[in-house]
Amino acid sequence: MIEQDTVRLLRECDAGIKMGAASIEEVLDDVESDKLEQLLTDCKDEHEKLKDEIQIYLDKYQDEGKNPNPMAKGMSWIKTNAMLAMDRSDATVADLMTDGCNMGVKSLSKYLNQYAAADESSKDITKRLINIEEQLVKDMRGFL
């Protein structure tokens, strides 16, 4: 049970990181503020570092990880492009990032509870990812 929950939790983190990094990449060209661009770039880099760490664990369990749900990714793309088409501003980017991070925190918290038998290192990774997302939400407040 521990191994099964561990792999499932790591897979959800992997999918969440891929979704978050793709979302940041999608809006970077629309950012006007150097400060906002730096915050988003730093956050994306943190996601990538955590992704590499997760991959080491997934390799240990001979698992390929998980890609984001195509429907969720498509809906995110539509929302992002629709909102930016109406208002191409840093406030819109911050709004989109805030919504995305809040959804990520909610999902990751759910998986942390759902896969309670996961080992402590995978729970720690999940908690660190949640903290990264929560910090980005705080950082976005000045741009809303």
Side-chain angles (χ1 to χ4, degrees), residues 3 5-116 118-144:
E3 184 176 320
D5 275 13
T6 297
V7 171
R8 288 179 176 162
L9 184 57
L10 291 170
R11 292 180 96 229
E12 294 303 338
C13 288
D14 188 43
I17 286 173
K18 289 173 182 173
M19 183 78 167
S23 296
I24 291 170
E25 189 65 41
E26 196 172 319
V27 300
L28 274 175
D29 288 341
D30 295 299
V31 173
E32 297 171 4
S33 163
D34 290 339
K35 183 178 179 186
L36 178 56
E37 182 177 4
Q38 190 62 54
L39 286 168
L40 292 173
T41 301
D42 290 348
C43 185
K44 185 175 169 242
D45 291 345
E46 287 183 60
H47 276 72
E48 294 297 333
K49 286 179 192 169
L50 211 49
K51 183 181 179 308
D52 292 342
E53 190 175 336
I54 288 170
Q55 193 57 54
I56 291 168
Y57 285 103
L58 288 171
D59 289 346
K60 175 182 167 187
Y61 292 107
Q62 300 175 359
D63 192 275
E64 295 180 13
K66 181 178 176 182
N67 287 319
N69 179 307
M71 183 66 84
K73 197 169 180 179
M75 295 301 290
S76 173
W77 184 88
I78 290 168
K79 178 181 178 180
T80 297
N81 286 289
M83 286 184 69
L84 288 171
M86 291 186 294
D87 180 16
R88 198 169 295 273
S89 69
D90 286 351
T92 300
V93 170
D95 187 27
L96 288 164
M97 289 294 104
T98 299
D99 286 350
C101 288
N102 286 334
M103 284 191 285
V105 168
K106 181 179 173 183
S107 294
L108 290 166
S109 297
K110 179 183 87 171
Y111 292 126
L112 198 55
N113 293 328
Q114 184 175 343
Y115 302 125
D119 69 11
E120 290 306 313
S121 59
S122 62
K123 289 179 183 179
D124 177 64
I125 288 171
T126 307
K127 290 172 187 174
R128 286 189 281 148
L129 182 54
I130 288 170
N131 287 335
I132 290 169
E133 298 289 314
E134 288 175 334
Q135 183 59 51
L136 188 59
V137 168
K138 290 177 187 173
D139 292 341
M140 293 298 103
R141 290 178 186 161
F143 298 95
L144 293 171

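Each residue takes its place number in the sequence, starting with 1.
The structure places CG of L96 at 9.0 Å from OG of S23, a figure rounded to the nearest 0.5 Å. Taken to the nearest 0.5 Å, the CE atom of M19 stands 11.5 Å off from the CG atom of N67. Here the CE-OG distance, from M83 to S89, works out to 8.5 Å after rounding to the nearest 0.5 Å. Here the CG-CD distance, from N102 to E133, works out to 9.0 Å after rounding to the nearest 0.5 Å. For the atom pair CZ (R88) and CG (D29), the distance works out to 9.5 Å, reported to the nearest 0.5 Å. The line from CG of L40 to CZ of F143 is 8.0 Å long, rounded to the nearest 0.5 Å.
When each of L36, D95, D90 is paired with M140, the side-chain contact (heavy atoms from CB on, under 4.5 Å) condition holds for L36 and for no other. Shown are H47, K51, K66; of these, the side-chain contact (heavy atoms from CB on, under 4.5 Å) with K18 is made only by K51.
Taking both residues in full, the closest heavy atoms of I24 and M97 are given as CG1-SD, 3.8 Å, listed atom of the first, atom of the second, then distance. A pairwise comparison of heavy atoms in A118 and L9 identifies CB-CD2, 3.8 Å as the closest pair. The two atoms that bring T126 and C13 nearest to each other are OG1-SG, 3.1 Å, heavy atoms only. Here the shortest heavy-atom pairing between R128 and L50 reads NH1-CD1, 3.7 Å. L136 and L39 make their closest contact through CD1-O, 4.4 Å (heavy atoms, listed as atom of the first residue, atom of the second, distance). Shortest non-hydrogen contact noted between E48 and A21 is OE2-CB, 3.6 Å.
Looking only at distances, a side-chain donor or acceptor of S109 sits under 3.5 Å from a matching main-chain atom of V105. Side chain of N69 to main chain of A72: a donor-acceptor pair is present (N/O by atom type, distance under 3.5 Å, no hydrogens or angles). With hydrogens and angles disregarded, no donor-acceptor distance shorter than 3.5 Å links the side chain of T80 to the backbone of W77.
Between D99 and K79, the closest side-chain pair of non-hydrogen atoms falls below 4.5 Å. At a threshold of 4.5 Å between non-hydrogen side-chain atoms, the residues N81 and E26 count as touching. Contact annotation: the side chain of L10 never approaches that of D63 to less than 4.5 Å [non-hydrogen atoms, C-beta and beyond]. Taking the side chain as every heavy atom from C-beta outward, V93 and L84 approach each other to under 4.5 Å. A 4.5 Å side-chain heavy-atom check between K123 and T6 finds every atom pair outside the cut-off.
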| query | Between Q135 and N131, is a side-chain hydrogen bond (donor to acceptor under 3.5 Å, both in side chains) present by the stated rule, with each step listed? | reply | CA-CA 6 Å; Q135 183 59 51; N131 287 335; over 6 Å; no
| said: Please determine whether side-chain contact (heavy atoms from CB on, under 4.5 Å) holds for the pair E53 and I17, giving the CA-CA distance in whole Å, both sets of side-chain angles, and the decisive distance to 0.1 Å. | reply: CA-CA 11 Å; E53 190 175 336; I17 286 173; over 6 Å; no
| field | Evaluation steps, salt bridge (charged side-chain N to carboxylate O under 4.0 Å, His left out), between D45 and K49 | value | CA-CA 6 Å; D45 291 345; K49 286 179 192 169; over 6 Å; no
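Between the side chains of D119 and S122, a donor-acceptor pair is found at a separation under 3.5 Å. Side-chain N/O atoms of Q38 and D34 include no donor and acceptor closer than 3.5 Å.
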